[in-house]
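Just below is one structure, and these are the notes that go with it.
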Amino acid sequence: MKIVVPVKRVVDYNIKPRVKADNSGVDTQGVKMSMNPFDEIAVEEAVRLREKGAASEIVVVTIGVAESQPVLRTAMAMGADRGILVQTDADLEPLAVAKLLKVIIDRENPGLVVMGKQAIDDDMNATGQILAARLNWPQGTFASSVAVEDGRITVVREADGGLETVRLALPAVVTTDLRLNEPRYATMPNIMKAKKKPLETIAADTLGVDIAPRLEVVSVVEPPVRQAGIKVSSVAELVGKLRDEAKVI
């Protein structure tokens, strides 16, 4: 079985994002970029499934600027077999990403798509669901455990009320949650090997997909600075402040 893993290049999670001076978005100039953490979990899970004999090939796909290639090389150093860069300079919304991914998936014909449940830059949490709908495939979102057996995949998913177990026919789309696994570090020998693995570049505008934005960003601003907390001497004082100052009771 072939597994396709979409990955995204985002501002590194250790970096505090900066808003552009004109409030049009987040400033990425000179900022360290890396693979979306949820996508690292997806790559790790795909590698583990191959190690268990459930998969034969892992293809990682990213959509973005030419500088996104290192994200694919990182995924290949973790164990993916080859990479595909769908190159575009456009700012893409989840619908456009899902449309482009569908074209690649139709070409690759995988048995499973594993991807992060959301990207930490926009927190949309929508691409996996849209992709499954456009493919007309079953989906298991927020996965904290997966197991492939007899042509089906069992997904334990995290829901508001606890855990839900779903059993899906393959092919399917699975989106990963934080508790699914802990991604491995890419070793130096594997990083060197990844440089020789195939990496295909495809121009997004050759895929016949409408990627025009449907949303308009009006303004991006920093969150307000939180005020320092205070100590109260009694429950009565706490209740008074909540009632008279915060006005929440």
Side-chain angles (χ1 to χ4, degrees), residues 4-44 46-47 58-105 107-108 113-116 118-124 126-128 131 176 183-188 190-207 209 211-213 215 217 220:
V4 165
V5 184
V7 298
K8 187 177 183 181
R9 176 179 181 260
V10 299
V11 174
D12 189 271
Y13 70 93
N14 289 308
I15 303 297
K16 183 182 184 300
R18 302 189 307 268
V19 175
K20 293 180 180 178
D22 61 359
N23 297 113
S24 62
V26 175
D27 186 4
T28 59
Q29 293 297 317
V31 175
K32 180 182 178 183
M33 309 292 283
S34 61
M35 191 191 310
N36 177 47
F38 289 101
D39 298 340
E40 287 185 335
I41 294 170
V43 174
E44 174 66 26
V47 173
I58 301 169
V59 182
V60 286
V61 183
T62 195
I63 304 171
V65 295
E67 291 78 10
S68 299
Q69 288 193 21
V71 170
L72 294 174
R73 293 295 182 191
T74 298
M76 288 188 280
M78 291 174 66
D81 298 294
R82 56 189 174 91
I84 300 173
L85 168 61
V86 180
Q87 188 170 328
T88 176
D89 293 331
D91 292 328
L92 301 178
E93 297 168 1
L95 176 60
V97 173
K99 287 179 177 179
L100 291 169
L101 286 175
K102 182 181 183 300
V103 174
I104 300 300
I105 290 165
R107 188 189 76 169
E108 293 291 332
V113 174
V114 185
M115 58 194 302
Q118 65 194 70
I120 63 172
D121 53 0
D122 55 21
D123 278 335
M124 285 285 193
T127 304
L131 177 61
T176 61
R184 68 193 67 190
Y185 286 103
T187 63
M188 185 55 66
N190 286 338
I191 291 173
M192 300 307 295
K193 291 177 183 178
K195 294 181 179 181
K196 299 180 180 180
K197 291 183 178 181
L199 196 161
E200 180 183 4
T201 299
I202 303 171
D205 57 10
T206 66
L207 297 180
V209 173
I211 60 175
L215 304 175
V217 176
V220 177

Item to complete: Give the minimum heavy-atom separation between Pro94 and Ala126, together with the two atoms involved.
Response: CB-CB, 4.0 Å
Worksheet item: Do you know which two heavy atoms are closest between Pro6 and Val114, and how far apart they sit?
Response: CD-O, 3.4 Å
Worksheet item: Any idea which heavy atoms bring Leu85 and Ser68 closest together, and the distance?
Response: CD1-CB, 4.0 Å
Practice prompt. Carefully, step by step, assess Leu199 and Met76 under the rule side-chain contact (heavy atoms from CB on, under 4.5 Å).
Written response: CA-CA 10 Å; Leu199 196 161; Met76 288 188 280; 4.0 Å; yes
Worksheet item: Thinking salt bridges, do Arg18 and Asp27 make one under a 4.0 Å N-O criterion?
Response: yes
Worksheet entry | Backbone of Phe38 reached by a side-chain donor or acceptor of Thr176 within 3.5 Å | yes
Discussion item. Counting only heavy atoms from other residues, nucleotides and ligands, does the tally under 6.0 Å from CG of Asp12 exceed 12?
Written reply: yes
Worksheet item: When rounded to the nearest 0.5 angstrom, what is the spacing between CG in Leu215 and CG in Asp91?
Response: 12.0 Å
Worksheet entry | Evaluation steps, side-chain contact (heavy atoms from CB on, under 4.5 Å), between Arg9 and Val65 | CA-CA 9 Å; Arg9 176 179 181 260; Val65 295; 3.7 Å; yes
Item to complete: Go through the steps to decide whether Val86 and Ile104 satisfy the test side-chain contact (heavy atoms from CB on, under 4.5 Å), and finish with yes or no.
Response: CA-CA 9 Å; Val86 180; Ile104 300 300; 4.0 Å; yes
Discussion item. I need the full list of side-chain hydrogen bond (donor to acceptor under 3.5 Å, both in side chains) pairs touching residues 76-90, with sequence neighbours left out, sorted by first then second residue.
Written reply: Arg50-Asp81, Glu57-Arg82, Arg82-Glu108
Worksheet item: Are Ile58 and Met78 close enough, and set up right, to give a side-chain contact (heavy atoms from CB on, under 4.5 Å), and what steps lead you there?
Response: CA-CA 11 Å; Ile58 301 169; Met78 291 174 66; over 6 Å; no
Response to the item:
To the nearest 0.5 Å, atom CE of Met35 lies from atom OH of Tyr13 at 12.5 Å
Worksheet item: Measuring from Lys8:NZ to Asp121:CG, what's the distance to the nearest 0.5 Å?
Response: 3.5 Å
Worksheet item: Any donor and acceptor pair, going by atom type alone, linking the side chain of Asn36 with main-chain N or O of Ile120 inside 3.5 Å?
Response: yes
Item to complete: Would you give the length of the straight line joining atom CG of Leu100 to atom CG of Leu92, rounded to the nearest 0.5 angstrom?
Response: 6.5 Å
Discussion item. To check you understand the geometry: which heavy-atom pair defines the closest contact between Val5 and Ala42, and what is its length?
Written reply: CG1-CB, 3.8 Å
Discussion item. Looking at every non-hydrogen atom in both residues, tell me the closest pair between Ala75 and Val43 and how far apart they are.
Written reply: O-CG1, 3.9 Å
Item to complete: Look up atom NZ in Lys102 and atom CG in Leu207, then write down how far apart they are to the nearest 0.5 Å.
Response: 12.0 Å
Worksheet item: How far does NZ of Lys197 sit from CG of Asn190, to the nearest 0.5 angstrom?
Response: 7.0 Å
Discussion item. What I'd like to find out is whether the side chain of Met124 reaches to under 4.5 Å of the side chain of Val97, using heavy atoms alone.
Written reply: no
Worksheet entry | Closest contact, heavy atoms only, Val26 versus Lys20 | O-CE, 3.5 Å
